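To start, the structure under review is shown below, and the notes come after it.
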Amino acid sequence: MSVVEQYARAHILTDTDRPDEDVGAVPVVLRYDPDDSPRMVRVGLPGPGPGSREWTFSRALLEQGLRVPTGTGAVRVWPCGRVQAVVEFHSPQGCSVVQFETKTLMRFLRLTYAAAAEPVPH
């Protein structure tokens, strides 16, 4: 099965950001490896700051969060208007709120389901 890796632009806010600081959109890596964890997705956030790391969470949580607010543990996802979605990551170092275009996350999810459906070569 194929690994899916998609680069996206997102706006990231942390609880340590200053309100007068606007860094604009930053590159974020969306990753899915069906051989490693077929039910999980990863989001890699750039550093520095409390959110600069790779987060692993349920693909179902991401999918459900595009329609209705949902969350478990350190990750929460919810729709934000008609064209955006928010993913919120909590850690002991702080909180990062990442705002994506919904179509980017939907495209990523479609690719993950296609990758998981690939036949295993013999």
Side-chain angles (χ1 to χ4, degrees):
M1 290 189 241
S2 299
V3 172
V4 174
E5 190 168 274
Q6 179 177 324
Y7 293 86
R9 305 283 296 162
H11 290 274
I12 300 177
L13 303 171
T14 69
D15 56 5
T16 60
D17 284 340
R18 288 178 280 178
D20 59 334
E21 219 177 283
D22 181 16
V23 296
V26 297
V28 174
V29 179
L30 306 171
R31 185 172 169 75
Y32 172 73
D33 185 345
D35 292 329
D36 182 41
S37 299
R39 290 179 172 33
M40 307 300 275
V41 294
R42 295 182 179 147
V43 176
L45 304 179
S52 61
R53 63 177 269 205
E54 186 172 82
W55 292 84
T56 302
F57 59 98
S58 163
R59 178 172 61 171
L61 185 141
L62 179 60
E63 184 174 10
Q64 183 180 7
L66 295 180
R67 295 185 307 273
V68 297
T70 189
T72 64
V75 180
R76 294 176 181 87
V77 183
W78 67 89
C80 181
R82 297 178 63 143
V83 296
Q84 295 183 330
V86 171
V87 183
E88 186 176 276
F89 301 102
H90 294 266
S91 73
Q93 293 77 32
C95 174
S96 291
V97 178
V98 184
Q99 189 173 32
F100 291 93
E101 287 189 18
T102 302
K103 66 181 179 183
T104 299
L105 297 177
M106 290 174 61
R107 182 180 328 116
F108 172 68
L109 285 169
R110 278 195 302 274
L111 291 171
T112 69
Y113 285 110
E118 289 181 1
V120 177
H122 296 280

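Throughout, numbering of the chain's residues begins at 1 and tracks the sequence. Remember, predicted model here, so these are calculated numbers, not experimental data.
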If you measure from CD on E5 to CZ on F108, what distance do you get to the nearest 0.5 Å?
-> 9.5 Å
pair S58-V75: side-chain heavy atoms closer than 4.5 Å = no
What is the distance from atom CG of L30 to atom OG1 of T112, rounded to the nearest 0.5 Å?
-> 10.5 Å
In short, P34 meets S2 closest at the heavy-atom pair CD-O, 3.3 Å
How about M40: does its CE atom have over 12 heavy atoms from other parts shown lying under 6.0 Å from it?
-> yes
Looking only at heavy atoms, what is the nearest atom pair of I12 and P46, with distance?
-> CD1-CD, 3.7 Å
Salt bridge (Lys or Arg N to Asp or Glu O under 4.0 Å): pairs with one or both residues in residues 62-83, sequence neighbours excluded = R76-E88
Working for side-chain contact (heavy atoms from CB on, under 4.5 Å), residues V43 and F100 | CA-CA 12 Å; V43 176; F100 291 93; 4.3 Å; yes
Are R31 and D36 within salt-bridge range, i.e. N to O under 4.0 Å?
-> no
W55 and A74 have their tightest heavy-atom pair at CZ3-CB, 3.9 Å
So among L61, V28, V77, which one has a side chain to side chain contact (heavy atoms under 4.5 Å, CB included) with V87?
-> V77
Group every Ile, Leu, Val, Met, Phe, Trp and Tyr by side-chain heavy-atom contacts under 4.5 Å, then state whether Y7 and V41 land in the same group.
-> no
ILVMFWY clustering at 4.5 Å (side-chain atoms), partners of V83 | none
From L62 atom CG to L105 atom CG, the distance as rounded to the nearest 0.5 Å = 5.5 Å
Search all heavy atoms of R9 against all heavy atoms of A25 and return the closest pair with its distance.
-> NH2-O, 2.8 Å
Where at least one partner belongs to residues 97-106, residue pairs that pass side-chain hydrogen bond (donor to acceptor under 3.5 Å, both in side chains), sequence neighbours excluded | Q84-Q99
Might you point out which heavy atoms bring P38 and Y32 nearest each other, and give the distance in Å?
-> O-OH, 2.9 Å
